Each structure stands twice: as structure tokens, then as C-alpha cells.
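The structure is given below, and queries will be raised subsequently.
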Amino acid sequence: MRDGVTGPRHVWVGQSSAAEAARAVDEAAAGLNLRETCFVLAFVPKGLCLDEVGGALQARLGGLPVFGCTSAGQITPDGYSSDALLLLAFPKAYFRCASVLIEQLRPFSFSAIAAAAERQEVQFQHTAGWNRLALLFTDGLSKQEDLLVSTLETVLPDIPVFGGSAGDGLDFDETFVLQGGRFYKDAALLLIIETSLGFKGFSFDHFQPTDEQLVITGADPEDRLVFEINGAPAAQEYARLVGCARDALSPRIFAENPILVHHKGRYFVRAISDATEDDALSFMAAIDDGVIMTLGRGKEMIETLRTGLDLESTKRERPDFILGFDCVLRRLEVEQRQLSREVSEIFREARVLGFNTYGEQHCGVHMNQTFVGVAFFCPDGPGVL
């Protein structure tokens, strides 16, 4: 118990901020019940040697299946962290798992990925009375998440898929997914999970559309680059629309002034990561010529977060824990507004565990600046909600 907040009952949590990989793994693993664990999720901070982390995890966890990715920050039992190796151990009393490693995302192969996912889902024997969900971890710089999540929604129609794109702090240099003690680039990892716990998936952001619309008039969809907006150089036109100088464009401006796309009755953020020297804008999700988009404005962030995490089962039970995928641009805005302590306290009270991503996946859509979560409830609660 931490200051009146009890920990989750159905997942074990270990963490370490040690700068040396073997020590970090040893300290984090000390908080886990390895004998009763089915599989472990690992969210790895920037700065640790990945080869050493992979080897140490294999050695320390005794061959248990370990999956995960590099991160742009972590959500620990105490809230936000930037340097914590976070390990989540899922008990075999409540969870079963099968995995599919997709080692090549570019060029993207619909048929190969669909066949691999379908084959694993069929071969994974169903436990009577248990329900399935899928977790997706993807190289966050692959630019293939849109195609990947839409493919999986098509071939796994009865299994909800929730995911987060691997991160690299704020460097946007290299991102990796983890399986079997190895880190893979240009890859994705699909976990098909069975659980006796009730669960509920959800997503939210804190933006609303304005009346300012814009049209993408020049783009390279494959590389998510936009060269022209409304027939003008993209960075210049975007700066004009948000009311700042071209040279003042920055991660803060992009985070506070997102561009929204309307899809399936909802507005989704298409986040900008940077502006290039030739006035193009680099996006973190799918973009194309001719798309009509809307400039977004932020709502009250703290109240939106409290409301989004205020979840109950049909029996009015609170979640035992929430697995969270939280966009790094949301965290950047939190820090710029000096709200980190308050947000961390909300996460702590809601028992949120997870990582900061380069993008989130839910309901067959890849999105940005969004919180995607899976809330797990005690097994005497409901089934899938």
C-alpha cells in the first residue's frame, strides 16, 4: 500500500532506475513472483544497453517469455518516470499468451501478416470461459502502424487489439520491440492473450475540433510527409493557422495545436513530429493528398484525464489495474504545463501501468496524442465489457 492506494492484485510489478542493465534487471525482477508467472512485459528506458538488457532478462527470469519494447517514458506504480526499467508479470492463474513476431514491416505484406496472425489464433487453444484480447507493439519509426492495425482488425474480427508504438525518448532515432531476449527493428510483436479477468478497452484525448479546416494538397503518404497545405508550403501555412512565426514551430506548438481527421464518427489526432528545412511537415500517422482536416484545440487536460480513467464494471467495481499506452506528446504537454505531479497522482490512484509511445492503436485505427488503455477487473466480476 502506498499512501492509502493499494497495489493491483492480478499483476506483479517490478522497476529499477539503475543505469547498468544487469543491475536494473535484477532489481526489477526482485519484485516479481516468477514461479507463478505466465509471461512478462518489459518497457525499457532510453540509455540502457539493449543487448545487455536482453541477455540479463533471459538469465534472470529463467526462460520465462518476455515481450515488450523500448519506450519514450514509463508509467510506474508511482506515475511518470523517464529512466525506469518496468517489468509487469502476468500470473498464469489468470492469463495465457501466444505471440507472433513480424520481423519485416517494410515492404508491408498484407498476406504474410494476415496468415501469421490467423494461424496463431487458430493454433492457440481456447480455454473455456476465458476471453481474448491482443496487444500490439510496433517499431515506432516504421510508419507501418496504420496498415498493420487495420490488417489485424480484419483478420481477427472477434479479438480487440490495443497497442503502442515503441519509443526512443524524444530522440526519434531508433525504436525496437522485444521478444526472447532480442530487440528487433523494423518489426512488430502481436500478443494474443486469454484471461479469466474481465476487461474493458478505451481511448480518449483532450482535443476538440475548431472551425478551421485545411486541405492536404501535396504529400508523400509512404513517408508521412506533407509538403503543401491549402496550396501553400506546409510549415508556413500551419504556422499561419496556429498564429505563430514559422521559426517558432516546435514540439510544444505541435503538441498544443494538433491536426484532426474525422473517421468512424470520431476525431483522431494526426500529430506532427517536426518541420523540415524545406517547409514540409513530418507526421506520426497516415496522411494523404486531398484529405480534409481540422485544426484542434485543447480541452482541460486534468479533468479529461480523471474522466477518462473513471471506469467501473457492470457490477460497479473499479479496475484492478489499467495497462496504459500514453502518447509521448501528451506527456510533453503535461511537462510543459508543469502538471507532471498531478498527472502522476491520477495514474497512481487509478493503478495505471504502461509506457509513453510514439503512437497508439485501438479499434483498427493508429492515432496520436491519445491515451489507450485496457482496464482489468477481478475475476469474480464481468466478462468482456
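None of these values were measured; they are calculated from a predicted model.
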As an exercise, state the distance from OG of Ser71 to CG of Asp326, rounded to the nearest 0.5 Å.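 So the gap between those two atoms works out to 11.5 Å.
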In terms of hydrophobic clustering (I, L, V, M, F, W, Y; side-chain heavy atoms under 4.5 Å; direct or indirect links), are Phe90 and Val66 co-clustered?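 Cluster IDs for Phe90 and Val66 differ.
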Side-chain donor-acceptor pair present, Glu194, Thr127, cut-off under 3.5 Å: yes
Got His126 and Arg132 here, is their nearest side-chain heavy-atom distance under 4.5 Å?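 Sidechains of Arg132 and His126: in contact.
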Expected output: side-chain Thr210 to main-chain Leu295 donor-acceptor under 3.5 Å: yes
Among side-chain atoms of Asp139 and Thr175, is any donor-acceptor pair under 3.5 angstrom?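 Looking only at side-chain atoms, Thr175 and Asp139 do form a donor-acceptor pair, the distance falling under 3.5 Å.
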Answer yes or no: is there an ion pair linking Lys46 with Asp171, defined by an N-O contact shorter than 4.0 Å? yes
Do we see a donor-acceptor contact under 3.5 Å between the side chains of Gln361 and Ser165? yes
Check: Ser82 side chain, Gly73 main-chain N or O, donor-acceptor pair, under 3.5 Å: no
Minimum side-chain heavy-atom gap Asp310-Arg318 below 4.5 Å: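 Yes; the side chains approach each other to less than 4.5 Å.
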More than 12 non-hydrogen atoms from neighbouring residues, nucleotides or ligands closer than 6.0 Å to CZ on Arg266, yes or no?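 Enclosed.
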Please go through Leu225's hydrophobic cluster and name the other residues, only I, L, V, M, F, W, Y counting, with side-chain heavy atoms under 4.5 Å joining them. Phe227
Roughly how far, to the nearest 0.5 Å, is CZ of Phe43 from CG of Leu88?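 Taking CG in Leu88 and CZ in Phe43, the distance rounds to 5.5 Å.
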Indicate whether any N or O donor in one side chain lies under 3.5 Å from an N or O acceptor in the other, for Glu153 and Ser150. no
Test: Glu222 and Lys143 ion pair at under 4.0 Å: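 Not counted as a salt bridge, because no side-chain N and carboxylate O are separated by less than 4.0 Å.
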Give, for atom OG of Ser196 and atom CZ of Phe95, the distance between the pair rounded to the nearest 0.5 Å. 7.5 Å
In the structure I gave you, are the side-chain heavy atoms of Val44 and Leu50 within less than 4.5 Å of one another anywhere? yes
Run the numbers on Glu345 and Arg348 for salt bridge (charged side-chain N to carboxylate O under 4.0 Å, His left out), then give the verdict. CA-CA 5 Å; Glu345 179 63 19; Arg348 189 175 73 92; 2.9 Å; yes
Going by distance alone, is a donor N or O of one side chain under 3.5 Å from an acceptor N or O of the other, for Asp83 and Ser81? yes
Determine yes or no for a side-chain-to-main-chain donor-acceptor pair under 3.5 angstrom, with Asp205 supplying the side chain and Phe207 the backbone. yes
Are Lys92 and Glu36 packed together at the side-chain level, in the sense that at least one heavy-atom pair is separated by less than 4.5 angstrom? yes
Return each pair, listed once, that meets ring pair (Phe, Tyr, Trp, His ring centres under 6.0 Å) where at least one residue sits in residues 310-336; pairs must be two or more places apart or across chains.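 As it turns out, the ring pair (Phe, Tyr, Trp, His ring centres under 6.0 Å) pairs with a partner in residues 310-336, which skip direct neighbours, are Phe321-Phe376, Phe325-Phe355.
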Minimum heavy-atom separation for Gly14 and Leu32, please, with both atom names.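 Heavy-atom minimum between the residues: N-CD2, 3.6 Å.
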Decide whether Thr76 and Asp78 meet the rule of one side-chain donor and one side-chain acceptor closer than 3.5 Å. no
Electrostatic pair Glu237:Arg240 at N-O distance under 4.0 angstrom: yes
Pair listing, ring pair (Phe, Tyr, Trp, His ring centres under 6.0 Å) test, anchored in residues 166-189, at least two apart: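 Passing the test, one end in residues 166-189: Phe172-Tyr358.
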Determine whether a donor-acceptor pair (N or O, by modelled atom type, separation under 3.5 Å) exists between the side chain of Thr370 and the backbone of Asn368.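 Yes.
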Gap separating the CD atom of Gln144 from the OG1 atom of Thr151, nearest 0.5 angstrom: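 Gln144 CD to Thr151 OG1: 10.0 Å, rounded to 0.5 Å.
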Do Arg330 and Thr357 get their side chains close enough for a donor-acceptor pair, meaning under 3.5 Å? no
Kindly say whether Met367 contributes a backbone atom to a donor-acceptor pair with the side chain of Arg270 at under 3.5 angstrom? no
Do Leu190 and Leu133 sit in the same hydrophobic cluster, where Ile, Leu, Val, Met, Phe, Trp and Tyr count as joined when their side-chain heavy atoms come under 4.5 Å apart?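 No, no single cluster joins them.
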Which other residues belong to the hydrophobic cluster containing Val343, where Ile, Leu, Val, Met, Phe, Trp and Tyr are joined when side-chain heavy atoms lie under 4.5 Å apart, directly or via other members? Ile75, Tyr80, Phe202, Phe204, Met301, Ile302, Leu305, Leu309, Leu311, Ile322, Val334, Leu339, Ile346, Phe347, Val352, Phe371
With a 3.5 Å distance limit and no angle check, can you tell me whether Thr37 reaches the backbone of Phe39 through a side-chain donor-acceptor pair?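 Side chain of Thr37 to backbone of Phe39, a donor-acceptor pair under 3.5 Å: no, none is there.
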Given Leu148 and Leu136, is the side chain to side chain contact (heavy atoms under 4.5 Å, CB included) satisfied, shown in steps? CA-CA 9 Å; Leu148 182 58; Leu136 180 64; 3.8 Å; yes
Transitive ILVMFWY side-chain link Trp12 to Leu57, under 4.5 Å: yes
Listing, residues 282-292 side-chain donor-acceptor contacts under 3.5 Å, not counting sequence neighbours, or none:
unit_1: Ser282; atom_1: OG; unit_2: Ser273; atom_2: OG; d: 3.4
unit_1: Asp289; atom_1: OD1; unit_2: Gly218; atom_2: N; d: 3.3
unit_1: Asp289; atom_1: OD1; unit_2: Ala219; atom_2: N; d: 2.8

Listed pairs under 3.5 Å, donor-acceptor, residues 252-263 side chains, sequence neighbours left out:
unit_1: Arg252; atom_1: NH1; unit_2: Glu256; atom_2: OE1; d: 3.2
unit_1: Asn257; atom_1: OD1; unit_2: Arg297; atom_2: NH1; d: 2.9
unit_1: Asn257; atom_1: ND2; unit_2: Ile253; atom_2: O; d: 3.0

Residues Arg246 and Asp279 bridged, charged N to O under 4.0 Å: yes
For Asn230, does the CG atom sit with more than 12 other heavy atoms under 6.0 Å from it, leaving out its own atoms? yes
Any side-chain heavy-atom pair from Thr138 and Leu105 closer than 4.5 angstrom? yes
Rounded to the nearest 0.5 Å, what's the gap from CG on Leu332 to CG on Asn356? Could you check? 10.0 Å
No-hydrogen, no-angle side-chain donor-acceptor test under 3.5 Å, His206 and Gln369: no
Under 3.5 Å, side chain of Asp168 to main-chain N/O of Asp173, donor-acceptor pair present?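 Such a contact is found between Asp168 side chain and Asp173 backbone.
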Once rounded to the nearest 0.5 Å, what's the spacing between atom CD of Glu118 and atom CG of Leu152?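 CG of Leu152 is found 10.0 Å from CD of Glu118.
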If two hydrophobic side chains count as joined below 4.5 Å and joins carry through other members, does Val40 share a cluster with Leu86?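 Per the 4.5 Å side-chain linkage, Val40 and Leu86 are not co-clustered.
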Flag the pair Arg341 and Glu335 as a salt bridge only when some basic side-chain nitrogen lies within less than 4.0 angstrom of an acidic carboxylate oxygen. no
Has Ser16 got a side-chain atom pairing as donor or acceptor with Ala18's backbone, closer than 3.5 angstrom? yes
Between Asp26 and Arg60, does any side-chain N to carboxylate O distance fall below 4.0 Å?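 Salt bridge present between Asp26 and Arg60.
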Check for a donor-acceptor pair, side chain of Ser109 on one end and backbone N or O of Ala112 on the other, with a separation under 3.5 Å. yes
Consider only side-chain heavy atoms of I, L, V, M, F, W and Y, link residues closer than 4.5 Å, and tell whether Leu135 and Tyr94 are in one cluster. yes
Does Glu300 CD have over 12 foreign heavy atoms under 6.0 Å away?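 Result for CD/Glu300: enclosed.
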Taking atom types as modelled and ignoring hydrogens, do the side chains of Gln179 and Ser99 form a donor-acceptor contact shorter than 3.5 angstrom? yes
